[in-house]
S.K.: 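Submitted below is the structure of interest, expressed as structure tokens.
The model shown is predicted, which means the values in this text are computed figures rather than measured ones.
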Amino acid sequence: MTTEPTAVIHDIGYRHYDGVRLGRGRATLALGVQSLRGVFGLGRTVRAKIMPLLLAAIMLMPTVVSIGVMALAKQFVIPYPNYAVIMQAVIAVFLAAQSPYLVAPDLRFRVLPLYLSRPLTVTDYVLAKLAALAVALFGLLAVPLTIEYVGELLVDLPGPPHTADYFGALGGAVLHAVLLSSVGIALASFTPRRGLGVASVIAFYMFTAAVSGIFTGVLISSGRDDLAGWALLLNPFFLVDYAQSTLFGTAPVNIEAAPPGVASCLILLAVVALAVTGVLLRYRKAAS
């Protein structure tokens, strides 16, 4: 009677890794870079590139017009600190389109435990996603501002260049990036469906913009300019506008409403802290 083997070991070439292990920092950086590339459609399909690149081109249009007017009429058109408020609808659409991309697929397909197996932690994962979106939003604002400033220097308008306003606007771009990325990721992370994530971010922007505009208009028309500034803080773009004015000395867009001053900075910090805390709690629950 012959007996056949019940198990066979095949040598297929697997080897133990003995190289350098770069650790959490490099893993977090790699995730952040990969997420940033994906925000602009790099490494994705052609269809995924259309929306972010189209919105980036739209963001440049006022800059091109402004440089043309400066060259022809020798007149400064768009103040640097007001650029984000003027283009807030485009920025909101970009935020709504890209926030769900960063978080929804990992939640929907339940691959988060693979990221967290090692060496990443929940905090590392969240920071990488927030940093990727913040860098993308900063670039979306900083590039048009920088091109406009270079155009102003080349045109050589009468009087000194608006250097202080330009750097103040860059500081405001950092504030916009931090606040909007925190809020966008927080809203999008509560649903694994990208469509619902897009809808939630757009609904948040439309609601805050509408309520802020209505309250501000009513208060200004009734002579309550001191309260109108507080009503504007309901809109995240005006919240950053007032914080930018307080920190960097730029002129706010709505000069009719009395600016809340330091309170706007404290409210901005509170909103960012609340949003980041919500994201961390959400992902700790999802990873468990």
Side-chain angles (χ1 to χ4, degrees), residues 32-70 77-106 108 128-151 169-170 172-189 191 193-210 235-238 240-241 253:
V33 171
Q34 183 267 340
S35 300
L36 177 60
R37 284 170 50 84
V39 167
F40 291 102
L42 302 178
R44 300 168 63 193
T45 63
V46 174
R47 181 180 177 183
K49 297 178 174 67
I50 294 175
M51 180 61 76
L53 296 181
L54 177 62
L55 294 174
I58 295 174
M59 285 292 295
L60 289 172
M61 289 182 181
T63 295
V64 175
V65 174
S66 177
I67 294 175
V69 173
M70 285 190 291
V77 182
I78 303 178
Y80 300 113
N82 299 353
Y83 203 94
V85 175
I86 295 172
M87 302 298 292
Q88 61 178 286
V90 180
I91 300 173
V93 172
F94 183 90
L95 180 68
Q98 303 310 317
S99 297
Y101 157 74
L102 290 174
V103 295
D106 294 343
R108 182 179 180 183
K129 296 295 183 176
L130 288 173
L133 187 56
V135 171
L137 288 169
F138 176 77
L140 195 70
L141 273 169
V143 170
L145 290 171
T146 302
I147 293 175
E148 184 179 0
Y149 181 66
V150 171
L170 287 183
V174 174
L175 299 180
H176 276 100
V178 172
L179 176 63
L180 295 177
S181 62
S182 302
V183 173
I185 293 292
L187 293 172
S189 65
T191 173
R193 300 289 180 178
R194 289 186 62 180
L196 293 177
V198 172
S200 65
V201 177
I202 286 292
F204 172 81
Y205 165 70
M206 294 181 64
F207 176 78
T208 55
N235 185 327
F237 290 93
F238 289 117
V240 175
D241 184 53
V253 174

S.K.: Any chance CZ of Arg37 has more than 12 other-residue heavy atoms, nucleotides or ligands included, within less than 6.0 Å?
M.R.: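 No, the 6.0 Å shell around CZ holds no more than 12 heavy atoms from other groups.
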S.K.: In terms of the angle between their ring planes, are His176 and Phe237 parallel, tilted or perpendicular, with boundaries placed at 30° and 60°?
M.R.: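 Taking Phe237 first and then His176, their aromatic rings sit tilted (interplane angle of 30° to 60°).
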S.K.: Can you tell me how far CZ of Arg194 sits from CZ of Arg108, rounded to the nearest 0.5 angstrom?
M.R.: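 Here the interatomic distance stands at 10.0 Å.
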S.K.: Supply the atom-to-atom distance Ile202 CD1 to Leu187 CG, rounded to the nearest 0.5 angstrom.
M.R.: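 The CD1 atom of Ile202 sits 11.0 Å away from the CG atom of Leu187.
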S.K.: Relative to the ring of Phe94, is the ring of Phe40 parallel (under 30°), tilted (30 to 60°) or perpendicular (over 60°)?
M.R.: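 Phe40 vs Phe94 ring planes: tilted.
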S.K.: Quick check: do Pro236 and Thr208 have side-chain heavy atoms less than 4.5 Å from each other?
M.R.: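 Yes, side chains in contact.
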S.K.: Does the side chain of Val90 reach to within under 4.5 Å of the side chain of Met61, using non-hydrogen atoms?
M.R.: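 Side chain of Val90 against side chain of Met61, heavy atoms only: no contact under 4.5 Å found.
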S.K.: Using every non-hydrogen atom in the two residues, find where Ala132 and Gly32 come nearest and quote the distance to one decimal.
M.R.: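 For Ala132 and Gly32, the tightest heavy-atom pair comes out as CB-O, 3.6 Å.
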S.K.: Under a 3.5 Å distance rule, please check whether Tyr83 uses its side chain to pair with a backbone N or O of Met59 as donor and acceptor.
M.R.: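 Yes.
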S.K.: Looking at every non-hydrogen atom in both residues, tell me the closest pair between Met70 and Gly151 and how far apart they are.
M.R.: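 Looking at all heavy atoms of both residues, the shortest contact is CE-C, 4.3 Å.
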S.K.: At what distance, to the nearest 0.5 angstrom, does OG1 of Thr146 lie from OH of Tyr80?
M.R.: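 Rounded to the nearest 0.5 Å, the OG1-OH separation comes to 9.5 Å.
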S.K.: Return the minimal non-hydrogen interatomic distance between Ser66 and Glu148, and the atom names on each side.
M.R.: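 Looking at all heavy atoms of both residues, the closest pair is OG-OE2, 3.1 Å.
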S.K.: Checking Leu36 against Leu42 for the side-chain contact (heavy atoms from CB on, under 4.5 Å) test, could you report, in this order, the C-alpha distance in whole Å, the side-chain angles of both residues, the deciding distance, and whether it holds?
M.R.: CA-CA 9 Å; Leu36 177 60; Leu42 302 178; over 6 Å; no
S.K.: For Val39 and Gln98, which heavy atoms make the closest approach, and how far apart are they?
M.R.: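 It is O-OE1, 3.0 Å.
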S.K.: Hey, could you give me the CZ/CG distance between Phe138 and Leu175, rounded to the nearest 0.5 Å?
M.R.: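 Separation between the atoms: 10.5 Å.
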S.K.: Do Ile78 and Val69 have side-chain heavy atoms sitting under 4.5 Å apart?
M.R.: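 Side chain of Ile78 against side chain of Val69, heavy atoms only: no contact under 4.5 Å found.
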S.K.: Within the distance-only criterion (no hydrogens, no angle test), does the side chain of Ser189 pair as donor or acceptor with the backbone N or O of Ala186 below 3.5 angstrom?
M.R.: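 Confirmed, Ser189 side chain pairs with Ala186 backbone.
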S.K.: Go through it in stages, so that I can follow the logic: the residues are Ile58 and Met87, the test is side-chain contact (heavy atoms from CB on, under 4.5 Å), and I'd like the CA-CA distance, side-chain angles, deciding distance and then a yes or no.
M.R.: CA-CA 9 Å; Ile58 295 174; Met87 302 298 292; 4.3 Å; yes
S.K.: For Thr191, give me all partners under side chain to side chain donor-acceptor pair (under 3.5 Å), at least two apart in sequence or on another chain.
M.R.: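 Side chain to side chain donor-acceptor pair (under 3.5 Å) check on Thr191 returns nothing, list empty.
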S.K.: Output the distance between atom OH (Tyr205) and atom CD1 (Ile91), rounded to the nearest 0.5 Å.
M.R.: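 Tyr205 atom OH to Ile91 atom CD1 measures 9.0 Å (nearest 0.5 Å).
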S.K.: What distance do Leu133 atom CG and Leu95 atom CG have between them, rounded to the nearest 0.5 Å?
M.R.: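 One gets 6.0 Å once the value is rounded to the nearest 0.5 Å.
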S.K.: Any idea which heavy atoms bring Ala134 and Ala177 closest together, and the distance?
M.R.: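 Distance-wise, the nearest heavy atoms are O-CB, 3.2 Å.
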S.K.: Please find the pair of heavy atoms, one from Pro100 and one from Pro105, that lie closest to each other, and give the distance.
M.R.: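 Reported closest heavy-atom pair: O-CD, 3.4 Å.
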S.K.: Ignoring hydrogens and geometry, is there a side-chain-to-backbone donor-acceptor pair from Asp241 to Val253 under 3.5 Å?
M.R.: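 Side chain of Asp241 to backbone of Val253, a donor-acceptor pair under 3.5 Å: yes, one is there.
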S.K.: Counting only N and O atoms by type, is there a donor-acceptor contact under 3.5 Å from the side chain of Thr63 to the main-chain atoms of Pro144?
M.R.: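 Such a contact is found between Thr63 side chain and Pro144 backbone.
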